[in-house]
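Before any comments, here is the structure.
Naming: A, B, ... by sequence-line order, numbering from 1 per chain.
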Amino acid sequence: MFTLATWNINSVRLREGLVARLLKEEAPDVLCLQECKSPVDKIPTEMFSQLGYHHMVARGQKGYNGVAILSRLPITDAGERDYAKLGHARHVAARMENGVVIHNMYIPAGGDVPDREVNEKFGQKLDFVSEMRDVFHADKPARSIMVGDFNIAPREDDVWSHKKLLKIVSHTPIEVEHLLAAQDAGDWVDVTRKDIPEGQLYSWWSYRARDWDAADKGRRLDHIWATGDIANAAHGSRILRDARGWEKPSDHAPVFASFDL
DNA sequence: ATGGTTGCGCTGCAA
């Protein structure tokens, strides 16, 4: 069995202490981070190693984006893809000894206006997700797990108000349509919703709320998917909402899943 | 209808 977590950390250097706390208290076998906002050589790997996470694959750039996969178990191969040719560090993949492939994705947020004619970033987001669809269609993934900050909340109960967010980037019908097409192309199962099928579920709360916890205007932007051949081995999904209330928090909470493999 | 916060890195941009 192994446990995996995904967390948009919003600067891995500023929040090195929070990552350490999560690794100590929750001890997942694998932790996938997004928005590291750091060149790879400045990621605090020494701390990871001291806590038993001796293996890492990462892609980085100064100030923006950045993804990393930390592991207690050996990583036998690594890969990456520059989706939508943005030149951003938004994807990294790792193959584990048991053959399971882990994809860590940071899909573009997409700006404020949900119209690619006036907002180039929105078009880039749709193109990014379309390329995910095409890649999975051409090369069907097997024994694979894909996690990350997808920046899309697909279900009505993935947002605090479906009606109020229909025109807000992250929950527009066209984004949801694109994400579901990518999911379908790879026969991906939404593991979090397989385990927690009912009810409101969020992984992100804006910094701008006066009291994020009381207002609870969240969205489920962070996801764990698995291919059908291993999705039935998944159980025990949860979102560590508490971490959103830690000192100087990320605006995202970590999402967990365990697999009997 | 609007403004609200944070991180990076140095002026505003991205989220």
Side-chain angles (χ1 to χ4, degrees), chain A residues 6-22 32-44 58-68 82-91 104-116 118-129 147-154 158-161 163-172 174-176 178-179 202-223 239 241 243-255:
Chain A
T6 178
W7 196 10
N8 177 319
I9 192 61
N10 188 16
S11 176
V12 70
R13 284 187 277 170
L14 187 70
R15 288 185 236 288
E16 178 178 347
L18 296 193
V19 176
R21 179 172 174 184
L22 187 85
C32 296
L33 297 172
Q34 304 86 34
E35 274 206 276
C36 296
K37 295 187 173 178
S38 173
V40 172
D41 61 4
K42 292 191 174 161
I43 293 175
R59 299 292 178 260
Q61 58 188 99
K62 193 171 80 171
Y64 298 95
N65 309 315
V67 286
D82 180 16
Y83 284 91
K85 295 189 173 67
L86 299 173
H88 295 175
R90 293 182 179 274
H91 170 249
N104 182 11
M105 313 280 320
Y106 176 43
I107 295 177
D112 288 333
V113 183
D115 178 352
R116 69 187 308 155
V118 297
N119 170 22
E120 183 186 34
K121 292 185 192 316
F122 192 71
Q124 291 171 349
K125 180 179 195 176
L126 297 180
D127 292 346
F128 192 107
V129 179
V147 310
D149 178 1
F150 293 1
N151 268 312
I152 299 172
D158 289 338
V159 294
W160 65 276
S161 168
K163 203 173 169 185
K164 285 197 170 71
L165 291 177
L166 273 170
K167 293 179 178 173
I168 302 297
V169 173
S170 72
H171 192 62
T172 63
I174 191 166
E175 290 170 86
V176 172
H178 276 62
L179 188 68
Y202 315 136
S203 66
W204 173 88
W205 294 262
S206 173
Y207 283 129
R208 298 177 193 179
R210 282 189 192 89
D211 184 340
W212 71 273
D213 196 24
D216 200 21
K217 292 184 173 179
R219 307 176 201 170
R220 189 171 70 102
L221 303 180
D222 303 274
H223 299 268
I239 296 178
R241 183 183 173 116
R244 180 62 179 79
W246 289 354
E247 187 77 20
K248 288 275 279 176
S250 168
D251 44 357
H252 294 253
V255 182

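The interatomic distance linking A:Ile9 (CD1) with B:dT6 (P) rounds to 16 Å, in whole Å. Here B:dG7 presents its C1' atom at 12 Å from CG of A:Asn8, a figure rounded to the nearest Å. Atom CG in A:Asp251 sits roughly 10 Å away from atom C1' in B:dG7 (whole-Å rounding). Per the geometry, NZ belonging to A:Lys167 stands 15 Å off C1' belonging to B:dA1, to the nearest Å. Summarising the geometry, the separation between CZ on A:Phe150 and P on B:dA15 is reported as 17 Å, rounded to the nearest angstrom. Residue A:Ile168 contributes atom CD1, which lies 17 Å from atom P of B:dG4 at whole-angstrom precision. Atom CZ of A:Phe128 is separated from atom C1' of B:dA15 by 16 Å (rounded to the nearest Å). Between the P atom of B:dT6 and the OH atom of A:Tyr207 lies a distance of 8 Å, rounded to the nearest Å.
Rounded to a whole angstrom, the distance from the P atom of B:dG3 to that of B:dG7 is 22 Å. Across B:dC10 and B:dA14, the matching P atoms stand 15 Å from one another, rounded to whole Å. Comparing the same atom, C1', in B:dG12 and in B:dA1 gives a spacing of 25 Å after rounding to whole Å. If you take atom P in B:dT2 and the same atom in B:dT6, they sit 23 Å apart, rounded to whole Å.
Legend: residues meeting side chain to side chain contact (heavy atoms under 4.5 Å, CB included) with A:Ala215, ordered by chain and number and at least two apart, are A:Lys217. Contacts of A:Asn65 classified as side chain to side chain donor-acceptor pair (under 3.5 Å), with partners at least two apart in sequence or in another chain: A:Gln61, A:Arg90. In this structure A:Val169 satisfies the side chain to side chain contact (heavy atoms under 4.5 Å, CB included) test together with A:Pro114, A:Phe122, A:Lys125, A:Glu175, sequence neighbours excluded. In this structure A:Ala243 satisfies the side chain to side chain contact (heavy atoms under 4.5 Å, CB included) test together with A:Trp7, A:Leu240, A:Trp246, A:Pro254, sequence neighbours excluded. Under the rule for a side chain to side chain donor-acceptor pair (under 3.5 Å), A:Ser250 has no partner lying at least two apart in sequence or in another chain.
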Please write out the pairs of protein N or O atoms and N or O atoms of nucleotides 12-14 of chain B separated by less than 3.5 Å, giving the distance to one decimal.
{"from": "B:dA14", "atom 1": "OP1", "to": "A:Lys121", "atom 2": "NZ", "distance (Å)": "3.3"}

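A:Arg13 comes within contact range of no nucleotide atom at all, as no heavy-atom separation falls under 4.0 Å. Within the nucleic acid shown, A:Lys248 comes within 4.0 Å of sugar-phosphate atoms alone, with no base atom in reach, counting heavy atoms only.
Taking a 6.0 Å sphere around CG of A:Asp112, one finds it holds 12 or fewer heavy atoms contributed by other residues, nucleotides or ligands.
Mapping A:Ala209 and A:Ala109 onto DNA chain B by nearest heavy atom places A:Ala209 closer to the 5' end of the strand.
A cation-pi arrangement is present between A:Arg244 and A:Trp212, with the terminal nitrogen or guanidinium carbon under 6.0 Å from the aromatic centre and inside a 45° cone about the axis.
Not one side-chain nitrogen or oxygen of A:Arg210 sits closer than 4.0 Å to the OP1 or OP2 atom of B:dT5. Put simply, A:Ser11 has a side-chain N or O that comes within less than 4.0 Å of OP1 or OP2 on B:dC8.
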